[in-house]
Student: 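Can you read through this structure? Questions will come right after.
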Amino acid sequence: RDRARRPALLLDDMQVEYEPYVRPLVPKAAALVEAFRAAGLPIFWSVWWRWGPSEGFNAMDRFYGPAGMADRVNALYNYLPNGGDVIAEVAPISDEERARVMRKVYSLD
């Protein structure tokens with residue numbers, strides 16, 4: 001039996017830590033967010049954070065260790081204190097939307 005389907009928007013990794021890399025995408029992502037809001041369709045956000053080595057938290061930690069931490073080039077970690085926050089232009093604006101933000105500690109194991 002078929003059931004009604006309803007589209008949803010997932011914004012993945014549109015977070016402060018990645019802003020220099022995703023900045024060109026933000027205007028189009030913001031337009032999508034506004035269109036989904038206007039249509040009453042759900043929006044979900046997925047962000048992650050990790051600060052500093054975790055003493056072998058997962059296979060990637062065990063392989064890379066703290067390499068690149070001093071230069072902030074180890075992509076396993078966030079370096080900004082608010083690096084896991086959603087970029088303001090596409091961020092949730094209501095309690096209902098904020099409840100749809102999936103915040104995760106990154107693990108590759």
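Along the sequence shown, residues are numbered consecutively beginning with 1.
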Student: Once you round to the nearest 0.5 Å, how far does CG of Asp12 lie from OH of Tyr18?
Tutor: 9.0 Å
Student: Could you check whether any side-chain N or O of Arg6 sits under 3.5 Å from a backbone N or O of Ala4, counting only pairs where one atom can act as donor and the other as acceptor?
Tutor: no
Student: Please tell me if the side chains of Trp45 and Met102 come closer than 4.5 Å, counting only heavy atoms from C-beta onward.
Tutor: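 No, every pair of side-chain atoms sits at 4.5 Å or beyond.
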Student: Do you know the tightest heavy-atom contact between Pro27 and Pro24?
Tutor: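 For Pro27 and Pro24, the tightest heavy-atom pair comes out as CD-O, 3.7 Å.
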Student: Which of these, Val33, Ile43, Val86, sits in a side chain to side chain contact (heavy atoms under 4.5 Å, CB included) with Glu97?
Tutor: Ile43
Student: Write down the atom of Val101, the atom of Pro92, and the distance for their closest heavy-atom approach.
Tutor: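 Distance-wise, the nearest heavy atoms are CG2-CG, 3.5 Å.
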Student: Begin with the C-alpha distance, continue with both residues' side-chain angles, and end with the deciding distance and a verdict on side-chain contact (heavy atoms from CB on, under 4.5 Å) for Glu19 and Leu80.
Tutor: CA-CA 11 Å; Glu19 191 162 3; Leu80 301 173; over 6 Å; no
Student: Taking side chain as C-beta onward, heavy atoms only, is Pro42 less than 4.5 Å from Arg100?
Tutor: yes
Student: Inspect the surroundings of CZ in Arg103 and state if more than 12 heavy atoms from other residues, nucleotides or ligands are less than 6.0 Å away.
Tutor: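 No, the 6.0 Å shell around CZ holds no more than 12 heavy atoms from other groups.
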Student: Apply side-chain contact (heavy atoms from CB on, under 4.5 Å) to the pair Gln15 and Asp85, showing each step before the final yes or no.
Tutor: CA-CA 5 Å; Gln15 62 191 69; Asp85 292 350; over 6 Å; no
Student: Just wondering, do Leu9 and Phe44 contact through their side chains at under 4.5 Å, heavy atoms?
Tutor: no
Student: Any side-chain heavy atom of Ile87 sitting closer than 4.5 Å to one from Val22?
Tutor: yes
Student: Quick one, Trp48 and Asn78 - any side-chain contact, counting heavy atoms below 4.5 Å?
Tutor: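 Yes; the side chains approach each other to less than 4.5 Å.
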Student: Quick one: closest heavy-atom pair of Leu11 and Ala29, and the distance?
Tutor: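 Shortest heavy-atom separation between Leu11 and Ala29 comes out as CD2-CB, 4.2 Å.
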Student: Determine whether Leu10 and Ser46 satisfy the following criterion, side-chain contact (heavy atoms from CB on, under 4.5 Å), listing intermediate values before the conclusion.
Tutor: CA-CA 7 Å; Leu10 171 63; Ser46 177; 4.2 Å; yes
Student: Looking at CG of Leu25 and CG of Leu32, how far apart are the two atoms once the value is rounded to the nearest 0.5 Å?
Tutor: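 Going from CG on Leu25 over to CG on Leu32, the span is 11.0 Å.
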Student: Would you indicate whether the side-chain heavy atoms of Arg37 and Ile93 approach each other to under 4.5 Å?
Tutor: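 Contact flag for Ile93/Arg37 side chains = yes.
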Student: Could you check if a side-chain atom of Val26 sits within less than 4.5 angstrom of a side-chain atom of Met14, using non-hydrogen atoms only?
Tutor: yes
